[in-house]
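Notes for the one structure printed next.
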2 protein chains.
Amino acid sequence: MQQQVLQDPILSISNLMPQNMTQPSPSHQALIDQGIINAPDSAKGRLLQAAATLFKEKGYERTTVRDLGKAVGIQSGSLFHHYPNKEAILRAVMEETILLNTELMKAALAQSDKPADKVLALIQCELESVLGETGAAMTVLVYEWRSLKDESQQYILKLRGIYEDLWISALSEAKEAGCVVIDPFVLRRLLTGALSWTVNWYRQEGDMTIDQLAQMTLSLAIKPV
Amino acid sequence: MQQQVLQDPILSISNLMPQNMTQPSPSHQALIDQGIINAPDSAKGRLLQAAATLFKEKGYERTTVRDLGKAVGIQSGSLFHHYPNKEAILRAVMEETILLNTELMKAALAQSDKPADKVLALIQCELESVLGETGAAMTVLVYEWRSLKDESQQYILKLRGIYEDLWISALSEAKEAGCVVIDPFVLRRLLTGALSWTVNWYRQEGDMTIDQLAQMTLSLAIKPV
DNA sequence: TTACAAACCAAGCGCTTGCTTGGTAGTCTT
DNA sequence: AAGACTACCAAGCAAGCGCTTGGTTTGTAA
């Protein structure tokens, strides 16, 4: 059964997406093929993309189901054909983002060797997540925590744990190698704040690339050996 | 005309405040005496403290005027005798916090001499602000930005500019002294994220003091000369 | 004692919210 | 062709929201 395509070409949320959108990465495509996350051009996928954008810009509470409906080009009531309630949409946004970015990080780690390279790969990866195409959803993941029900919080927290484990083991390796001085857990938490906050000031149009920013951040986190 | 004290001893927001509250610092008291900010034990002061706590815990949007009224021990409608609308309460919370913490930072800087010491003083000061008594209000200042009207945003932004200038000049001095390698503006923004994020994980009850955390953060920001 | 203003209450208004309902158009299966 | 299913619309409900109103209590000062 093929998903029907949403009909209104004017209000359709495809207008909210970058025109020259890149192809999904191999990791991304794999998750789509396994049915774990929705394809970006499916009805649900576009709803989630629009929701992420609105939740980031206005906040979850200030975004109404009427806003969501308008962004996708359907009536607000029709949203509840896809998701049982508004919170489930927020949860789905977070779930898909954390799953996707965990896979992206694993892929990035697989291409690195030395401890310092791994840390750089993680920093680059997280910056790309926060500042790139999935940035809206990542911001929602970080800042709209409180709006989830307890049960959803625990579920997302579990997924986040897997993601954080990748960080902790990389930083621990770096510490054993002598290029990190402070406790890996504290360092990770300081980095979490520093990296997620970039969404509030970094602009692609500026004269600093994401890679340059990643290098600067790395220079704070590790000392050359 | 002396401020009347709120009457309900059960619901009074004084119950929400630490029992063994320290005396206001000299900088704090000076601002109170000048009528720039409200005394913590005045009616308005307690309203703002309760509002900060609720806004931090539930978010501004999820906090209703009925919640605020209950926390202070008055009817929700009576709030509008003190402030014209709900947003004005949020604005007042932010305004008082930024004014107070700007003064605290100036006082801390005045006692420091070498560039690295000044940076450490700023880090300590900001951590105390975020994690100490004014923590709720500081968190609101950082994370409830979007809920302000445009005009209020500009006003608070102006106040924040003064605060940030203290940081930028201290980091610039440190860079000239050779103990900072990356651009002061970028460094400040990374530190902003790292320090404000501590509210999400640091616990006083743990075995790491705020001063130790400040030292660790300093070790990332500057290199010994 | 009287006068007055500040602080507050009780009630509720107008509006918006998330969500439900009953029904319809189009597609796929048999 | 008939039936089943998905995706949607139009309308609106119950609850909760920020805020207003008219009147009462309380503290201060003449």
Side-chain angles (χ1 to χ4, degrees), chain A residues 1-14 35 38-39 41-48 50-51 54-55 58-93 144 147-149 152, chain B residues 1-14 35 38-39 41-48 50-51 54-55 58-93 144 147-149 152:
Chain A
M1 180 78 48
Q2 199 181 351
Q3 290 261 20
Q4 190 183 343
V5 170
L6 296 169
Q7 290 154 343
D8 189 322
I10 304 292
L11 294 175
S12 165
I13 84 123
S14 60
N38 294 289
D41 58 343
S42 70
K44 277 195 171 187
R46 285 188 291 170
L47 168 56
L48 293 184
L54 285 169
F55 290 165
K58 309 178 59 171
Y60 173 77
E61 299 292 338
R62 293 175 87 93
T63 302
T64 69
V65 292
R66 287 164 180 81
D67 291 333
L68 288 172
K70 193 185 283 184
V72 190
I74 61 177
Q75 292 289 105
S76 64
S78 303
L79 292 171
F80 299 94
H81 176 73
H82 298 283
Y83 290 95
N85 49 56
K86 186 187 169 190
E87 193 249 9
I89 299 176
L90 175 63
R91 174 173 157 152
V93 167
E144 298 292 343
S147 298
L148 286 177
K149 289 188 235 154
S152 301
Chain B
M1 185 75 49
Q2 198 181 351
Q3 288 261 20
Q4 189 182 344
V5 171
L6 296 169
Q7 291 153 343
D8 189 322
I10 305 291
L11 294 175
S12 166
I13 85 120
S14 60
N38 294 290
D41 57 344
S42 71
K44 276 196 171 187
R46 285 188 292 170
L47 169 57
L48 294 182
L54 285 169
F55 290 166
K58 309 179 59 171
Y60 172 77
E61 299 291 338
R62 292 175 86 91
T63 302
T64 70
V65 291
R66 287 164 180 83
D67 291 332
L68 288 172
K70 194 184 283 185
V72 190
I74 59 175
Q75 291 290 105
S76 64
S78 303
L79 292 171
F80 300 95
H81 174 73
H82 299 282
Y83 290 96
N85 50 53
K86 186 185 167 191
E87 193 249 10
I89 299 176
L90 176 63
R91 173 172 159 153
V93 167
E144 298 293 344
S147 297
L148 287 177
K149 288 189 236 155
S152 301

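Naming convention: chains lettered A, B, ... in sequence-line order (proteins, then strands); numbering from 1 in each chain.
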| In Å, rounded to the nearest 0.5 Å, how long is the span from CG of D67(B) to CZ of F55(B)? | 9.5 Å

| Phosphate oxygens OP1/OP2 of dA7(C): is one of them under 4.0 Å from a side-chain N or O of H81(B)? | yes

| Distance in angstrom units between L68(B) CG and dC19(D) P, rounded | 11 Å

| message | Of the listed nucleotides (dG18(D), dG18(C), dC8(D)), which one gets closest to any side-chain atom of F80(B)? | response | dG18(D)

| request: Would you indicate what S78(A) reaches in the nucleic acid, counting non-hydrogen atoms under 4.0 angstrom: base, sugar-phosphate, or nothing? | output: base

| What's the NE2-C1' distance between H82(A) and dC5(D), to the nearest Å? | 14 Å

| query | With no angle test and no hydrogens, is the base of dG18(C) tied to the side chain of R66(A) by a donor-acceptor pair under 3.5 Å? | reply | yes

| request: Measure the distance from NZ on K86(A) to P on dT20(C) and round it to the nearest whole Å. | output: 14 Å

| query | What nucleotide, of dC19(C), dC19(D), dC8(D), holds the atom closest to the side chain of S76(B)? | reply | dC19(D)

| Cation over ring face, K86(A) and F80(A), 6.0 Å, 45° | no

| message | What is the distance, to the nearest angstrom, from the CD1 atom on I89(B) to the C1' atom on dG18(D)? | response | 11 Å

| So, the side chain of E87(A) versus the backbone of K149(A): is there a donor-acceptor pair under 3.5 Å, distance only? | yes

| query | What is the distance, rounded to the nearest whole Å, between atom NZ of K149(B) and atom P of dG18(D)? | reply | 14 Å

| 5'-most contact on DNA chain C: E61(A) or Q75(B), nearest heavy atom basis? | Q75(B)

| Y83(B) OH - dC19(D) C1' separation (whole Å) | 17 Å

| Check: Y60(B) side chain, L148(B) main-chain N or O, donor-acceptor pair, under 3.5 Å | no

| Atom CG of N85(B) to atom P of dT20(D): distance rounded to whole Å? | 8 Å

| query | Would you call S147(A) and R62(B) a side-chain contact if the rule is heavy atoms closer than 4.5 Å? | reply | yes

| request: Nearest whole angstrom, please: distance from the P of dG18(D) to the CD1 of I74(B). | output: 14 Å

